[in-house]
Amino acid sequence: MNDTTNNLPASSGAALMEKIVSLCKRRGFIYPSSEIYGGINGFWDYGPLGSELKRNVKELWWRDMVLERDDVVGLEATIIMHPKIWKASGHVDTFADMMRECPLTKKRVRADQVEPQSGVIYRWSGAESHASPFKCEKPFAVLLRKGEHPDTARKKAREYYAHGTIDAETGRWKDLELTGETTATAADSVDFHPESGAQLTEARPFNLMFKTFVGASEPAEEAYLRPETAQAIFTQFKNVLETSRQRTPFGIAQIGKAFRNEVTPRNYTFRSREFEQMEVEFFIKPDEVVEAISGKVARASEISNPPSAIANPRSDWGWEAWHKYWVEERIAFYEGIGLPRHSLVEYWQKAEELAHYARATVDILYRFPFSKRNDGGELMGEELEGIAARSDFDLSQHERHSGKPMGVFDEDLRAAWTALPKEKQDALWKRYYENRKKYLVKAGATGDEAHKEATEDANGLPKGQYIPHVIEPSAGVDRLILALICNAYSEVTETDEKGRSETRVILKFHPRVAPIKAGVMPLLKNKPALVKKAMEIRDLLRPWINVFYDDGGSIGRRYARQDEAGTPFCVTVDFETLGEKPELLDTVTVRHRDDGRQERVKISELLNWLMPRVR
RNA sequence: GCGGGUGUAGUUCAAUGGUAGAACGGCAGCCUUCCAAGCUGCACACGAGGGUUCGAUUCCCUUCACCCGCUCCA
């Protein structure tokens, strides 16, 4: 236990990240994008090993989420879509926020979310210095709250005027003379920064979506690069439903690029401006429909028994049960590709953190070296995936904005409904109506409109019609790649007989994700028989798994190279292979990455030996 | 976007107002019977632009990128 990431010194987060970054560059996992031109902030490329790693991860996800399930189908949509989609999804409003800035602290706040404040406004027309020729005539104002001394406001003003001047550096700003002081009272004003009290700048649009133009001739139509892949799934929902022979509950999966003009890309590839997502939108029956068909809705606590196992889906599951199911399913996926449970955090978002569309969201966090620590010194983790219960918000929004119906017809519901007692019908109708009305009001409908539409919606139930709800497990591929690399990173320090100590790096990837599954090498390069046999073995394995042939340098050097690349197995052709000991003819040495252990495997059995270990 | 720091070979570092060295790594060859051995040779760098100067990697300015702290993170 002296060679794993978790035992590296706790304080070395930044130093550890530096080592990981340079390893990634050196071994061809990750390069800065456009590096020969100086790089471009927030963009990263994957090199030979990185692209294999990423391909493996995406393929495993796809296999787990789509190929090995009956109830999820795939989609690959375009990056540029109809601009109205982003209006319907809310991104045009929330991603293009009007922001105001505090001139004192430079902090930015959303223009529509400034807390109203009351107090006395102190205004100045400028400031000048006796000690230097400094003079400034910009107006500045601070809100003085109850109980604060006017000198507090004056101090802030001097700080503001001195900002970036020599006076600020020498500390002489305290002597600045403020000019043109006036006061006024303010009640519930939203013009002042809640923390500093300084008057905020005018609101400016601040757009996190990348804009582009469709069409070569002017005036071209403005469009956006998608800031998430989810909306494509919602907009193609009806097409998929009608062509895939799926019925709720079922999901649509997509892997693809998304783009966000992040304010500050940071932490290596963790927050990139161009990134890839792996998402499923899993469409389920609303709870009222489940209850109509099954007679009851299973509680979340009923499922998954024992707790470590993932329950099999049941027809009486409502959104809570499905949500919990996907949380467990996804954590199992991460464990299955080598992220140990203790490296992950299952974080249930608090009510006030939830996005406007979400009923519940669980974030799966990975404890990155750069993560902040809590009071107990424990890494708190950064989000790899969010699993959101989004109700019927998205499909409803697209129904409203496109005017196209997004509901489904469900024969089971229609049949079940007629068999229900009148009281039950009324109760379910009422609940569905209330939920729809609540959504519609939130979406901006007036009371009357909402009542009318919600009534129509609820009247669909007896006919077997409803708008599905959705559970969305949405993962960031690039974040996961970074987590896998951080998790795999380990060092072994060895002292040789000459007393030299040397630190070697081993990337302990799970064999499933490892870029290279096996290194194939002759023990010695200058023995043609060994080389020939090794090349035969490479050719034998190559159609099935990614192998790497290497005969450069000494055998130890080649092992070390493969350790750094995270290759779980090395296959070595030696003199026994050629029959030096007759009983070992046509066997090879297989060397294990993590502990250097060796075993002999017959060449005829090699592929069957390797395959189950690398998938 | 703000403040602070840093930019020299693939990586980690050094030196210098007169255009740069090392270690490791890489490549080629020799050698090598299992964990970065050795020998020989080769290739590879002053982030970019501008200014000062006879001359700038070095000083100044701008810019870009990276790191840290704020901010942001639907």
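Sequence lines set the chain letters: A, B, ... in the order given, protein chains first and strands last, and positions in each chain run from 1. All values derive from a computational prediction rather than experimental measurement.
Separating the C1' atom of B:rC68 from that of B:rU8 is a span of 23 Å, rounded to the nearest Å. Straight-line distance between the P atoms of B:rA20 and B:rC44: roughly 14 Å, to the nearest whole Å. Nucleotides B:rG50 and B:rU57, compared at atom P, are 12 Å apart to the nearest Å. Taking atom P on both nucleotides, B:rC54 is separated from B:rC2 by 37 Å, rounded to a whole Å. Remark: the separation of the C1' atoms in B:rA43 and B:rG25 is 13 Å, to the nearest Å. Taking atom P in both B:rC39 and B:rU12, one finds a spacing of 26 Å when rounded to whole Å. Rounded to whole Å, the P atom of B:rA28 lies 39 Å from the corresponding atom of B:rA56. For B:rG10 and B:rC60, the C1' atoms lie 32 Å apart once the distance is rounded to whole Å.
Using a 4.0 Å heavy-atom criterion, one finds that A:Tyr37 contacts no nucleic acid atom at all. Counting non-hydrogen atoms under 4.0 angstrom, A:Ser22 reaches the backbone sugars and phosphates but no base. Note on A:Glu228: a base of the nucleic acid sits closer than 4.0 angstrom, heavy atoms only.
The NE2 atom of A:His193 sits 14 Å away from the C1' atom of B:rG1 (whole-angstrom rounding). A:Arg266 places its CZ atom 9 Å from the C1' atom of B:rU71, with the value rounded to the nearest Å. Distance A:Leu16 CG to B:rC67 P: 14 Å, rounded to the nearest Å. Taking atom CG of residue A:Leu530 and atom C1' of nucleotide B:rC31, one finds them 15 Å apart after rounding to whole Å.
With a cut-off of 3.5 Å on both Watson-Crick or G-U wobble distances, the partner of B:rA43 is given as none. When Watson-Crick and G-U wobble pairs are counted only if both distances are under 3.5 Å, B:rU53 pairs with no nucleotide at all.
Counting only heavy atoms from C-beta on, A:Arg26 has its side chain closest to B:rU11 among B:rC35, B:rC67, B:rU11. Ranking B:rU33, B:rC27, B:rC34 by closeness to the A:Phe575 side chain, first place goes to B:rU33. The side chain of A:Thr572 lies closest to B:rC34 when the candidates are B:rC66, B:rG69, B:rC34. Checking B:rC27, B:rC70, B:rU33 against the side-chain heavy atoms of A:Leu523 singles out B:rU33 as nearest. Of the candidates B:rG10, B:rU32, B:rA36, B:rG10 carries the atom nearest the A:Lys25 side chain, counting heavy atoms from C-beta on. Closest to the A:Asn526 side chain, of the nucleotides B:rC31, B:rU71, B:rU11, is B:rC31. When distances run from any side-chain atom of A:Tyr559 to the nucleotides B:rC27, B:rC68, B:rC35, the shortest one goes to B:rC35. The side chain of A:Asn41 lies closest to B:rC66, out of B:rC66, B:rA36, B:rG1. For A:Leu524, the side-chain atoms get nearest to B:rU32 when compared with the rest of B:rU32, B:rC2, B:rU12. Comparing B:rG26, B:rU32, B:rC67 by their closest approach to the side chain of A:Lys525 singles out B:rU32.
Residue side chain A:Gln562 does not reach the base of B:rA36 through any donor-acceptor N/O pair under 3.5 Å, judged by distance alone.
A:Gln231 and A:Ser89 are not linked by any side-chain donor-acceptor pair at a separation below 3.5 angstrom, with hydrogens and angles left out of the test.
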